[in-house]
Amino acid sequence: MAVPAVKYSLVFVVVLSVVFLNLYSNATVINQKSSAYLNTSWHNSNHSTAINHYKSTDGTIVRTILTRMGPNGYPNFGFGFLGNSTNEIFYLVTVRFLGRTSLQKHNRPPVILWFANGNSPVKENATLEFTVHGDLILRNVDEHHVWSTNTSSCNVTRMTLDGNGSFNLVDGKMKRHIWKSFDYPKHTWVPNQPLHFHRHLTSTVSASNLSTGMFLLNLSTESIHIYFNMSPAQKFQTITYGKNFPFGLVFHRYTNRMTYKTEGKSIIRLETDGRLNIYFFASGHSEIFDLSRDEHSDDNCSCPGASIGHSSHFEELKDAGNGFSSCQEMQPDNFLELENVTCFAFVPRLLNIDLERCKRECLQKCSCKAALFQYESKQKIGNCSLPTENFCLKNSTKAIVRHNSLAFIKVHNPSQKKKLSLFLVLIILPLSSFLAFIPGVCCFFLRWRKNRTARGQTRGNSKEESSVHVINILQKFSLKDLISATQEFQVRLGRGGFGSVFEGVLYNGTKVAVKRLGSEANQGKKEFLSEVQTIGSIHHFNLVKLIGYCAERSNRLLVYEFMCNGSLDKWIFQQNQARSLTWETRKKIIVQIAKGLEYLHDHCNPNIIHFDIKPQNILLDEDFNVKISDFGLARLIDHDQTHVSTMPKGTPGYMAPELIRGRNITAKIDIYSFGVVILEIICGRKNSNSWHGDYLIDTVKIKAQEDQLSDLVDEQSEDIQRNNEHAVKMIQIAILCLQKNLYRRPSASILVKVFEGLMNLEPVTDYSFLNSVHVETHQEANPGDTSILASVLSGPR
């Protein structure tokens, strides 16, 4: 009897295993299909068995109904519901996944290509139904109709997601597309998507709020036009097509449409602030090119009247709305008068009237936000415009536009009730608080005497923490989180003048590098604030990404993305043939450093001077892409600021001559440092040799005067020796960067063009300026400045 029992037991185990595996399969990879058929519905639920569930590192949730797989076996595109773990609203979208996307791992946030219900988000348990009549209908949890394709009489038989990211409804018999998401563009334009000249892109309110935003985009055969989304639309800027555009345009004359082509994967997106960016995706990373960077208005944006003390009438625009009062709230008893202020595109509504009538017309119209008046003579008879929004205001001068401009902006006058409330706040409330405060003083004094030591320490620590102000987009970690992530700071990756870098793994499995700054060093605090204020607010493919920070009392830590190939110095200063970099890799590194500097110097607002460009601060990812790091010495400068003054700071051997004097400092100091780095990359040796006291720059001068620069090319690399001629040209470019006359040094943007073959530079013939700046000179300039210490952070970070 025992044998049958064992037999049945084995059968039971096998059956149970099959059921378990089937359930597990359904829970992980349920629907890797790129098409679906009629009479099907899907519920927006975390427990739905007909939907794939993906979660990103930023909390983004994607529940895909259709998935288009890539050649690497991972999803390329998805169609379904997108939301965030911090709220309960969802959008029906198509997305592009970045990198290796799987269910078991946390992934990078996907890129939204199209959405259906931007102004009407749905909640958990909303329903998408593909009806038997061929209509696709989105209903909220309360069965309220939200969105539909209205294709019930079009012979639709199935829906598909194609290899370009377009979601389509297809006539199965005729095999033609009845409805395509490509025909309804939102804020994004992708390759092979035909964009009609009369169908515009519209920005969103924010990255997470897909409601209609403030900007519109229209195409013409010669340029791109961006407008403020108001009635009537006001032109914001015009971007003219040029040879420097990073993509090719294809005009389809018969359909009056346009497509674009690029090498690799990319998208063009109209951003929430009116900028037009193109994103290039490669190796799981994105590189941003601002198409409108040279097309913005020269006028700096500011609140009208701020210079004369009226800025309190205005508030910064927020995601939640446009910052202006509704008609019901407006009680305008007064105007704020501003001279030489007009609109981007002045549209006259009343002609040949006087100024007072123009103001009266605006007061009588609830929707009017300002009365704009233009006149030529002193009698002030002219034309009047009554805009419904104030986004289009700009400065104007008669010398440019040949007429006078006046703006009268509606403002609130405080009512008597508000004045009474103000009196209560300023007089009665402080008086009552003082009376209630007296008995509390005695209690406080007794407790203070008992705990004065502990309280004094806490107060000091609180002051330390309160002095740290960081931007909201960075993730804030607790000290406990980072102690756990680094296993009590067990694996040290490098040590520098302001602290050490440790390897860590976050709770979601993301590998990071944690920089722990000295708790007592004032310079460490300065570096912390500098890094957060610079790299924390900017994003570029060739800049290291700052993920988050920790600021608890005197503990200051920074959390960065992990770079598996470590810093550049470990690859160029070692004498190991097996780890030697090829010529193409060295060239790639040099070009990407230049692109990172171009972004810092030209495209950031305000511009950024790094102050410490050196191989130890050039990190390399798995594909040897450059990530410039260590912004602890960085300095922000305004666009109209040509020079700054500062104490000498940097690393000996990389500091420009003018930096020692501490004046006439420009972004060209980074170019000098970059020139030294180029020499080190090509020659395979450090500029300064502390053991022998010789400098690479001095050797370059001698070899250049003898016309023997080829002798300097790294002998440890056979590949670079085979490209000796190209390497010598790179040394000549480095020499141009080392000129003492900073105005002769090329800018980063010029260097990028040179590397891309778009222009040439005349080589130097007089090498007398090539003299090394010795360490002793630095120390004499400022012997107490610890910032000149080398920040050697070796190893992967």
Side-chain angles (χ1 to χ4, degrees), residues 25-56 60-70 73-85 88-98 101-103 107 109-118 120-141 143 145-152 156-170 172 177-184 186 188 190 210:
S25 176
N26 287 337
T28 55
V29 183
I30 296 165
N31 174 32
Q32 296 290 2
K33 296 180 180 179
S34 59
S35 62
Y37 293 86
L38 300 177
N39 199 22
T40 310
S41 63
W42 300 267
H43 292 277
N44 176 36
S45 170
N46 191 42
H47 305 290
S48 174
T49 59
I51 292 178
N52 287 332
H53 302 271
Y54 301 87
K55 187 173 183 180
S56 304
T60 300
I61 299 170
V62 183
R63 297 168 177 169
T64 60
I65 296 168
L66 300 181
T67 305
R68 187 78 182 194
M69 305 301 290
Y74 293 92
N76 267 1
F77 301 101
F79 166 76
F81 297 98
L82 179 141
N84 196 285
S85 58
E88 296 181 356
I89 62 172
F90 288 83
Y91 300 93
L92 186 65
V93 301
T94 61
V95 297
R96 172 167 186 81
F97 292 110
L98 301 179
T101 302
S102 64
L103 300 175
N107 312 287
V111 178
I112 300 173
L113 303 182
W114 171 86
F115 49 90
N117 57 323
S120 304
V122 297
K123 296 184 178 181
E124 191 85 10
N125 294 317
T127 303
L128 181 68
E129 182 182 5
F130 194 21
T131 70
V132 69
H133 302 292
D135 200 2
L136 194 64
I137 301 175
L138 177 64
R139 293 186 178 90
N140 214 336
V141 62
E143 295 299 317
H145 184 283
V146 175
W147 173 84
S148 173
T149 55
N150 296 317
T151 52
S152 58
V156 172
T157 59
R158 63 191 177 98
M159 62 185 197
T160 66
L161 184 62
D162 66 27
N164 293 316
S166 177
F167 171 72
N168 312 308
L169 299 184
V170 182
H177 292 167
I178 302 299
W179 187 96
K180 297 188 296 184
S181 64
F182 268 14
D183 290 338
Y184 300 89
K186 299 300 181 180
T188 302
V190 303
L210 303 185

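Along the sequence shown, the residues carry numbers beginning at 1. No experiment lies behind these values; they were computed from the predicted model shown.
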Query raised in the report: Do T40 side-chain atoms and Y37 backbone N/O form a donor-acceptor pair below 3.5 Å?
Result: yes
Query raised in the report: Do I89 and V122 have side chains that get closer than 4.5 Å, going by heavy atoms?
Result: no
Query raised in the report: Is it true that a side-chain atom of T160 and a backbone atom of D162 form a donor plus acceptor pair closer than 3.5 Å?
Result: no
Requested in this report: Report the distance from atom NZ of K180 to atom CG of N168, rounding to the nearest 0.5 Å.
Outcome: 7.0 Å
Query raised in the report: Considering all heavy atoms of both residues, which atom of I137 and which atom of T131 are nearest to each other, and what is their separation?
Result: CD1-CG2, 3.9 Å
Query raised in the report: Ring centroid separation for W42 and F81, is it under 6.0 angstrom?
Result: no
Query raised in the report: Should N46 and H53 count as side-chain neighbours, where that means a heavy-atom distance under 4.5 Å?
Result: yes
Query raised in the report: Shortest non-hydrogen contact from F130 to L38?
Result: CZ-CD2, 3.5 Å
Query - Heavy-atom pair with the smallest gap, counting every atom of M159 and L169 - result: CB-CD2, 3.4 Å
Query raised in the report: Which heavy-atom pair separates D135 from T149 by the least distance, and what is that distance?
Result: OD1-OG1, 3.0 Å
Query raised in the report: Could you give the distance from CZ (F167) to CZ (R68), rounded to the nearest 0.5 Å?
Result: 13.5 Å
Requested in this report: Give me the one residue out of T64, T60, L98 that meets side-chain contact (heavy atoms from CB on, under 4.5 Å) with P110.
Outcome: T60
Requested in this report: Evaluate the side-chain proximity of F182 to W114: yes if any heavy-atom separation is below 4.5 Å, no if none is.
Outcome: no
**Report entry** Euclidean distance, L128 CG relative to F90 CZ, rounded to 0.5 Å
**Finding:** 14.0 Å
Query - Backbone of I112 reached by a side-chain donor or acceptor of T188 within 3.5 Å - result: yes
Query - Any L113 side-chain heavy atom under 4.5 Å of V95 side chain - result: no
**Report entry** Beyond-backbone contact of P75 with Y54, side-chain heavy atoms, under 4.5 angstrom
**Finding:** yes
Report task. Give a yes or no answer on whether the side chain of T151 reaches the backbone of G134 with a donor-acceptor pair at less than 3.5 Å. Result -> yes
Report summary line: Nearest heavy-atom approach of N117 to L92 is OD1-N, 2.9 Å
Requested in this report: Output the distance between atom CD1 (I65) and atom OG (S41), rounded to the nearest 0.5 Å.
Outcome: 9.5 Å
**Report entry** Straight-line distance of N140 CG to E124 CD, nearest 0.5 Å
**Finding:** 11.0 Å
Requested in this report: Would you give the length of the straight line joining atom CG of L138 to atom CD of E129, rounded to the nearest 0.5 angstrom?
Outcome: 11.0 Å
Query raised in the report: Just wondering, do V170 and I178 contact through their side chains at under 4.5 Å, heavy atoms?
Result: no
Query raised in the report: Does F77 reach the side chain of F97, with side-chain heavy atoms less than 4.5 Å apart?
Result: no
Query raised in the report: Above 12 or not: heavy atoms from other molecules or residues under 6.0 Å from NE2 of H145?
Result: yes
Query - Which atom of V146 lies closest to which atom of S120, heavy atoms considered - result: CG1-O, 3.4 Å
Report task. For atom CD of E88, decide whether the heavy atoms of other residues, nucleotides or ligands shown that lie under 6.0 angstrom number more than 12. Result -> no
Query raised in the report: Within a strict 4.5 Å, meaning less than it, do heavy atoms of the N44 and N125 side chains meet?
Result: no
